[in-house]
Amino acid sequence: QVQLVESGGGLVQPGASLRLSCVASGRTFSSYVMGWFRQAPGKEREFVAYISSSADTTYYTDSVKGRFTISRDNAKNTLYLQMNSLKPEDTAVYYCATRRPTWISLIIPGSYNNWGQGTQVTVSS
């Protein structure tokens, strides 16, 4: 059972940047496929970004392409989400998670497990 802890959220103005971190327990972080999701009040949990275990492949939802960058440091058991040019519609609780070995699409929350508790990102003037 891997444990995940997100950090780095906060209240920022439109156009600002934040870097979210997700620290994982265990000795096998480098084998995990990872994802970032977000959930706004009253909304379904939404896929944000994906990264393969070796970081050779990434994938983003259209609304964040060119603004967000997912990365990882396997030596530090840490996943990152660099968020630039933030918009009010980015406001949500952001979660990291490990992906299950499954055929289910990588944008589906149910294809991931070991969710963190989330970190709040609020973008407002």
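Just so it is clear, the values below take in all heavy atoms, side chains as well, and ignore hydrogens, waters and symmetry mates. These figures come from a predicted structure and were not determined experimentally. Position 1 is the first residue of the sequence; numbering continues from there.
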| request: Please check if Ile104 and Ile107 belong to a single hydrophobic cluster, counting links between Ile, Leu, Val, Met, Phe, Trp and Tyr side chain heavy atoms closer than 4.5 Å. | output: yes

| query | How about Phe37 and Tyr112: are their ring centroids closer than 6.0 Å? | reply | yes

| request: Spell out, yes or no, whether Tyr50 and Val64 are grouped together once hydrophobic residues are joined by side-chain heavy atoms under 4.5 Å, including indirect joins. | output: no

| So how far is it from Gln13 CD to Ser124 OG, rounded to the nearest 0.5 Å? | 8.5 Å

| field | Distance, nearest 0.5 Å, that separates OG of Ser71 from CG of Leu79 | value | 7.0 Å

| message | I'd like to check Pro109 versus Arg45 (side-chain heavy atoms, cut-off strictly below 4.5 Å). Are they in contact? | response | yes

| said: Tell me whether the count of non-hydrogen atoms from other residues, nucleotides or ligands lying under 6.0 Å of CD in Gln82 goes above 12. | reply: yes

| remark: Rounding to 0.5 Å, atoms OG1 (Thr61) and CD (Glu46) come to a distance of 5.0 Å

| query | Going from NZ on Lys76 to OG on Ser21, what distance comes out if it is rounded to the nearest 0.5 angstrom? | reply | 9.5 Å

| query | How close do Thr102 and Ser111 get, heavy atom to heavy atom, and via which atoms? | reply | CG2-CB, 3.8 Å

| task | Name all residues meeting the side chain to side chain contact (heavy atoms under 4.5 Å, CB included) criterion together with Asp62; count only those two or more places apart in sequence or in a different chain, and write none if there are none. | result | Lys65

| Is there a side-chain contact between Ser31 and Ser53, using heavy atoms and a 4.5 Å cut-off? | no

| Worked verdict on Asp73 versus Thr78 for side chain to side chain donor-acceptor pair (under 3.5 Å) | CA-CA 5 Å; Asp73 186 339; Thr78 303; over 6 Å; no

| message | Measuring only between side-chain heavy atoms, which start at C-beta, is Tyr80 closer than 4.5 Å to Met34? | response | no

| Is it true that a side-chain atom of Ser30 and a backbone atom of Asn74 form a donor plus acceptor pair closer than 3.5 Å? | no

| query | Are side-chain heavy atoms of Leu106 and Tyr59 found at a separation under 4.5 Å? | reply | yes

| query | Where is the tightest heavy-atom contact between Ser125 and Pro14, given as atom of each residue plus distance? | reply | N-CD, 3.7 Å

| query | Arg38 and Asp90: side chain to side chain contact (heavy atoms under 4.5 Å, CB included), yes or no, with the steps? | reply | CA-CA 9 Å; Arg38 64 188 181 187; Asp90 296 318; 3.0 Å; yes

| request: For Asn77 and Ala24, indicate whether the former's side chain and the latter's backbone hold a donor-acceptor pair under 3.5 Å. | output: yes

| field | Value rounded to 0.5 Å, distance of CG in Asn114 from CG in Leu4 | value | 6.0 Å

| request: For the residue pair Thr69 and Leu81, establish whether any side-chain heavy-atom pair is separated by less than 4.5 Å. | output: no

| message | For residues Val12 and Met83: do they belong to one hydrophobic cluster (side chain heavy atoms under 4.5 Å, members Ile, Leu, Val, Met, Phe, Trp, Tyr)? | response | yes

| field | pair Lys87-Arg67: side-chain heavy atoms closer than 4.5 Å | value | yes

| task | May I ask you to decide if Ser54's main-chain N or O and Arg72's side chain share a donor-acceptor pair within less than 3.5 Å? | result | no

| Does Tyr95 belong to the same Ile/Leu/Val/Met/Phe/Trp/Tyr cluster as Tyr32, with side-chain heavy atoms less than 4.5 Å apart forming each link? | no

| Nearest 0.5 Å, what's the CD-CD distance between Gln3 and Gln117? | 10.0 Å

| message | Check for me whether the distance between the ring centres of Tyr60 and Phe47 falls short of 6.0 Å. | response | no

| task | Without swapping roles, check the side chain of Ser25 against the backbone of Val2 for a donor-acceptor pair under 3.5 Å. | result | no

| query | Less than 4.5 Å apart, any side-chain heavy atom of Tyr94 and any of Gln120? | reply | no

| Take atom CD in Glu44; do more than 12 heavy atoms of anything else shown fall under 6.0 Å from it? | no

| field | Full working for side chain to side chain contact (heavy atoms under 4.5 Å, CB included) between Val121 and Thr91 | value | CA-CA 5 Å; Val121 172; Thr91 296; 5.9 Å; no

| request: Say whether Val33 and Ile108 are linked into one hydrophobic cluster, either directly or through other cluster members, by side-chain heavy-atom distances under 4.5 angstrom. | output: yes

| message | Any heavy-atom pair between the side chains of Leu86 and Phe68 that's under 4.5 Å? | response | yes

| said: Between Thr119 and Glu6 (side chain of the first, backbone of the second, donor and acceptor by atom type, cut-off under 3.5 Å), is there such a pair? | reply: no

